[in-house]
Structures are given as C-alpha cells and as structure tokens.
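Here is the structure we will look at, set down as structure tokens.
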Amino acid sequence: MAEGIITRLYQSPCGELVLGSLGGRLCLCNWTSELHPGRVGRRLRAALKAEFREGATETTGEAARQLDEYFSGRRREFSVPLLFAGTEFQKVVWHELLNIPYGSTISYGTLASRIGMPTSVRAVANANGANAICIFAPCHRVIGADGSLTGFGGGLEAKRFLLGMEQGKR
C-alpha cells in the first residue's frame, strides 16, 4: 500500500472543498457536497492504491493559498503540481482542460475536437464529469453547445459562481 492521500478541508465562497495530495502532488480538489457522493473517492482509492487520512501537507497548504488568491481575484493560473488518476483517455481530457483560459468557456464538442476525437462528445463529457481536481483542472469552463450550464459535481450554482467570478460578474 502506498502512502496515504492526505486530505484537508477548504471553505470556498461557493462551497466546501476537500483537498488531497499524494507524493507531493495534488490529486483531489472536490466538493464535499458532490453530485454523486463517494464516487470520486472510491475511484481515487482504487487508482492510487491508497487510503484517505486527514492531515496537512505542503501541497495542500499551497493549494489552499492559491485558491485564496484565485477567489480574491489575484490568481488566474495555478502552479500546484497535479496528479491525475484515471484512464489514459480521461487524462488526455483533463490535461486539455488546463488549456482553457481563465474567464473563457468551451463546449464539450470543442473539447472533443481539441483532443482529436470530435465524435466522442459523450465520452469527453463523462471524463470531464469524473475530474477529481476541479478548479485547478477547470471543468467548470466546459458548457453545453447552446451555451447552457450543464452538470457540475459541485452543482450548477457553484459553476455559475465560478464562471461569473472569472468573467468579472461577481
């Protein structure tokens, strides 16, 4: 068994998050009140072969500091090292999320095209929904083709808040 995934809570202006790190990299930034309770945690435990335990690490401390800066409008990009735990396809999708600029949105179809799989919109949407490192890998910036806000692990109010904040509407 690998070292544990060390977690701590973070209170954001749009809901409580749990931050987790393993081996000096952030592997978790997820809503404590999530759309599908426990799904992300089960997947991470299995993929990383590690259990959760509460504590503090330099990584989660730095993640919290950068989130403070993000929510106060002083940070637009994050520099915390990330550890994506999922299938190779999911990792491709999650890495592409990192290329969506602050304050911008793209559709699931555009995201699918960007990874060279324009007919895989549903698979891309599912991978986006399985992202365990929200905000840092900005899945909230992906919206429906018609501009509608679609499912989000933290709920549509949190997604609306994040997009509004990034677009200067908060």
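Each residue takes its place number in the sequence, starting with 1. Computed from heavy atoms alone, side chains included, the values below leave out hydrogens, waters and symmetry copies.
- When atom types are taken as modelled, the side chain of Trp94 and the backbone of Ala127 share a donor-acceptor pair closer than 3.5 angstrom.
- For the atom pair Asn30 CG and Leu44 CG, the distance stands at 8.5 Å (nearest 0.5 Å).
- For the atom pair Leu9 CG and Thr32 OG1, the distance stands at 6.5 Å (nearest 0.5 Å).
- Looking at Ser79 and Gln66, their side chains do bring a donor and an acceptor atom within 3.5 Å of each other.
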Test side-chain contact (heavy atoms from CB on, under 4.5 Å) applied to Trp31 and Ser12, step by step: CA-CA 10 Å; Trp31 308 95; Ser12 85; 3.9 Å; yes
Could you go step by step and tell me if Val18 and Arg8 meet the side-chain contact (heavy atoms from CB on, under 4.5 Å) rule? CA-CA 6 Å; Val18 60; Arg8 65 164 282 186; over 6 Å; no
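- Residue Cys14 comes nearest to Phe71 through the heavy atom pair SG-CE2, 4.2 Å, listed as atom of the first residue, atom of the second, then distance.
- Side chains of Ser21 and Thr57: a donor-acceptor N/O pair is present below 3.5 angstrom, by distance only.
- We find the CZ-CG distance between Arg141 and Leu98 to be 9.5 Å, quoted to the nearest 0.5 Å.
- Checking Tyr70 against Glu77 by side-chain atom types alone, no donor-acceptor pair falls below 3.5 Å.
- For Lys159 (side chain) and Thr150 (main-chain N/O), a donor-acceptor pair under 3.5 Å exists by modelled atom type.
- Annotation: side chain to side chain contact (heavy atoms under 4.5 Å, CB included) contacts of Arg74 (sequence neighbours excluded): Glu69, Ser72.
- Here the straight-line distance linking atom NZ of Lys49 with atom CD1 of Ile5 works out to 11.5 Å at 0.5 Å rounding.
- Once rounded to the nearest 0.5 Å, the distance linking CG of Leu28 with CG of Leu83 reads 10.5 Å.
- Side-chain polar atoms of Thr110 and Ser107 form a donor-acceptor pair below 3.5 angstrom.
- A distance of 11.5 Å separates CD of Gln11 from CG of Asp68, quoted to the nearest 0.5 Å.
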